[in-house]
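The first residue of the sequence shown is numbered 1, and numbering continues consecutively from there. All values below were derived from every heavy atom in this structure, side-chain atoms included, with hydrogens, water molecules and symmetry-related copies excluded. Note that the structure is a prediction, hence the values are computed from the model and not measured.
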Amino acid sequence: MADPKGFMTTPREDWPRRPVEERVRDWNEVYVPRALLPIINKQADRCMDCGIPFCHEACPLGNLIPEWNDLVSRDDWRAASDRLHATNNFPEFTGRLCPAPCEAGCVLAINQPAVTIKNVECAIADRAWEEGFAPPRPPERLSGRTVAVIGSGPTGLAAAQQLTRAGHTVAVYEKDDRLGGLMRYGIPEFKMEKHHLERRLEQMRAEGTKFRTSTVIGRDIGAAELRARYDAVVIATGATAWRELPLSGRELAGIHQAMEYLPLANRVCEGDLEVSPLSAVGKHVVIVGGGDTGADCLGTAVRERAASVTQLDIYAQPGAERDEDAEPWPTYPKIYRLSAAHEEAGALRTAPAADADARLFAASTLRFTGDTDGHVRSLHLVEVDAQRRPVPGTERVLPADLVLLALGFSGPDRADGLIDQLELAMEPRGTIARDAGFATNVPGVFAAGDAARGQSLIVWAIAEGRAVAAAVDRHLTGSSRLPAPIGPYDRPMTV
């Protein structure tokens with residue numbers, strides 16, 4: 001511990017965001033460039049190097065947080081990078097996209113603002129690339145074994161990198177035209193610029209991982225044929241079967257799933273389109289769903305210059321402080337959080353009738369109504385109580401030219417035929433069944449990530465990728481030295 005009194009003398013200071021009026025005019029990341037490094041040493045000094053660091057338990061990757069905090073506080077960036085990469089293949093992703101359950105588990109968070117663990121992680125990752133601390137690590141020798149990984153999201157990429165470094169010949173199959181899964185087309189550019197992804201993909205190519213894009217397994221290549229080609233197959237296709245909202249008026253034009261809307265905006269940033277076919281420009285937008293995907297839609301609609309944007313959350317507005325009885329430390333609490341998108345919407349008053357920023361809390365959609373041309377024009381909602389029961393006399397109508405459904409995902413999409421062709425066993429909730437070793441009922445086929453776990457966080461996705469790689473390596477060679485940070489049945493800490 002570099003400064004034994006750092007947590008008492010130094011207040012928490014987060015990575016500053018660019019002014020709202022500036023950042024909503026572009027798609028660049030919301031943070032002030034290079035503003036993190038001048039403050040990060042002192043922030044790392046706030047780490048108490050606890051005897052029992054609960055941040056380890058809160059992070060499914062088991063990141064060695066006190067160790068790299070200490071190294072950053074001493075300006076030893078190379079060693080900090082080594083310790084960070086020892087447990088996390090892609091810290092530049094998690095440092096930008098993870099909601100940081102590690103900070104909720106920080107011992108300092110019992111009675112003070114937590115250490116800025118996520119910011120320290122991001123600073124180490126960015127410094128590692130700048131200083132050349134993250135070179136490709138190709139294997140010293142090849143095993144002669146081959147592995148196919150289906151899906152190039154964080155789980156598939158982590159599994160592929162681990163298996164490649166172990167000496168196996170790995171090919172990653174991706175259905176889209178570019179690699180990255182939801183990180184590519186689901187995460188807006190203002191949350192993570194895609195050059196971070198491209199840089200890591202180039203590292204993986206240099207290590208020997210092969211990539212095949214625009215290839216749907218089950219359609220372009222039969223699932224059985226792929227299984228016959230490789231010694232093992234890892235299914236990491238994610239949970240892309242979105243949840244529906246079967247209400248009156250759902251058939252109206254102008255009502256779309258979030259994952260129909262967000263990829264098009266990302267394609268504009270990629271240069272594929274000049275304007276998104278679903279652009280929110282000049283429209284009254286209502287987002288149904290209070291989670292992160294809904295917030296991504298919110299920030300995107302604001303940048304597309306929507307006439308208004310309102311986000312509906314069926315839950316009541318949470319408090320600013322942890323409820324110690326319901327969600328005691330070190331669990332991840334449901335508290336009022338102000339994302340960059342919500343900060344923007346609040347400052348620009350995109351939803352004057354909202355409870356806070358752009359959100360209407362405890363709001364449930366009743367039905368949609370449209371014009372004579374069959375296009376949605378309004379959304380009818382009602383307030384609900386804690387049991388989600390409608391409160392009489394609270395029905396309201398919001399103008400809506402574009403409605404985006406951000407209700408989460410139920411499991412992998414079966415339309416491509418992969419699951420049925422392999423005759424994979426499924427769980428009742430719609431995810432792929434697997435045993436304690438990540439293996440499915442089909443010999444040599446493994447499942448990991450959201451396709452098997454269900455919708456989760458990026459940090460769990462990477463942990464799943466690392467763990468399934470160890471399982472596959474053991475299947476191929478009889479033993480494995482690869483780390484397995486979690487098991488398939490592990491879950492976040494709860495009461």
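Using cut-offs of 30° and 60° on the angle between ring planes, the pair F446 and H475 is perpendicular.
Panel note: side chain H85, backbone S81; a donor-acceptor pair is recorded below 3.5 Å. A donor-acceptor pair under 3.5 Å is formed between the side chain of R46 and the backbone N or O of P113. Distance alone, capped at 3.5 Å, places no donor-acceptor pair between the E427 side chain and the I432 backbone. Side chain of Q203 to backbone of A134: a donor-acceptor contact under 3.5 angstrom is found. Side chain of D323 to main chain of E327: no donor-acceptor pair is present (N/O by atom type, distance under 3.5 Å, no hydrogens or angles). Remark: side-chain polar atoms of R243 are paired, donor with acceptor, to backbone N or O of F409 under 3.5 angstrom. Using a distance-only test at 3.5 Å, with no hydrogens or angles considered, a donor-acceptor pair links the side chain of S73 to the main chain of D70.
Under the 4.0 Å criterion applied to side-chain N and carboxylate O atoms, E174 and R212 are not assigned as salt-bridge partners. A salt bridge is absent between R199 and E193; no separation between the charged side-chain nitrogens and carboxylate oxygens falls under 4.0 Å. A salt bridge does not link R137 to E207: none of the charged side-chain nitrogens sits closer than 4.0 Å to a carboxylate oxygen. Here R96 pairs with D126 in a salt bridge; the nearest charged N to carboxylate O distance falls below 4.0 Å. Checked for salt-bridge contact, D82 and R78 miss the test: no charged N lies under 4.0 Å from a carboxylate O.
Between R145 and Y230, the side chains place no donor N or O within less than 3.5 Å of an acceptor N or O (distance only, hydrogens not considered). Side chains of T94 and E121: a donor-acceptor N/O pair is present below 3.5 angstrom, by distance only. Of the N and O atoms on the side chains of T331 and T494, not one donor lies less than 3.5 Å from an acceptor on the other residue. If you check the side chains of Y336 and D357, you find a donor sitting under 3.5 Å from an acceptor. Donor-acceptor pairing under 3.5 Å is recorded for the side chains of R178 and Y185. There is a side-chain donor-acceptor pair under 3.5 Å between W77 and D75. One side chain, N89 or Q161, offers a donor N or O that lies under 3.5 Å from an acceptor on the other. A donor-acceptor contact under 3.5 angstrom links the side chains of E29 and H196, judged on distance only.
Other residues, nucleotides and ligands place no more than 12 heavy atoms under 6.0 Å from the CD atom of E57. In the displayed structure, E324 atom CD is contacted under 6.0 Å by more than 12 heavy atoms of other residues, nucleotides or ligands. Counting heavy atoms of neighbouring residues, nucleotides and ligands inside a 6.0 Å radius, atom NZ of K175 does not exceed 12 of them. In the displayed structure, D176 atom CG is contacted under 6.0 Å by more than 12 heavy atoms of other residues, nucleotides or ligands. Atom NZ of K194 has more than 12 neighbouring heavy atoms from other residues, nucleotides or ligands inside a 6.0 Å radius.
Between F361 and P318, the shortest heavy-atom contact is CE2-CD, 3.9 Å. Contact detail for T155 and G449: the closest heavy-atom pair is OG1-CA, 3.4 Å. Closest non-hydrogen pair, A425 versus N441, comes out as N-OD1, 2.8 Å. Of all heavy-atom pairs between A470 and L482, the closest is CB-O, 3.6 Å. Nearest heavy-atom pair, F438 versus G487, reported as atom, atom and distance to 0.1 Å: CZ-C, 3.9 Å. The two atoms that bring C106 and I117 nearest to each other are CB-CD1, 4.5 Å, heavy atoms only.
Of the inter-residue distances, the one linking L404 atom CG with Q257 atom CD reads 9.5 Å to the nearest 0.5 angstrom. Note that CD of E189 is 10.0 Å distant from CG of D26, once rounded to the nearest 0.5 Å. For the atom pair L84 CG and I65 CD1, the distance stands at 9.5 Å (nearest 0.5 Å). Separating the SG atom in C98 from the CG atom in N88 is a distance of 9.0 Å, to the nearest 0.5 Å. Between D231 atom CG and T146 atom OG1 the span is 4.0 Å, to the nearest 0.5 Å. The line from NZ of K42 to OG1 of T116 is 13.5 Å long, rounded to the nearest 0.5 Å.
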Point to revise | side-chain contact (heavy atoms from CB on, under 4.5 Å) evaluation trace for L201 with R205 | key: CA-CA 6 Å; L201 291 169; R205 288 188 180 97; 3.8 Å; yes

Practice item. May I have the step-by-step check of side-chain hydrogen bond (donor to acceptor under 3.5 Å, both in side chains) for N63 and H56, ending in yes or no? Key: CA-CA 6 Å; N63 281 334; H56 283 196; over 6 Å; no

Check your understanding: Where do R12 and E103 land on the salt bridge (charged side-chain N to carboxylate O under 4.0 Å, His left out) test, with the steps shown first?
Key -> CA-CA 12 Å; R12 177 179 171 116; E103 293 188 15; 3.1 Å; yes

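Cation-pi contact between R184 and F93: absent, since separation from the ring centre below 6.0 Å together with deviation from the ring axis within 45° is not met. Geometrically, R303 engages F190 in a cation-pi contact defined by less than 6.0 Å to the ring centre and at most 45° from the axis.
Aromatic rings of W15 and Y31 (six-membered ring for Trp) have centroids within the 6.0 Å cut-off, being under it.
For R466, there are no salt bridge (Lys or Arg N to Asp or Glu O under 4.0 Å) partners at least two apart in sequence or on another chain.
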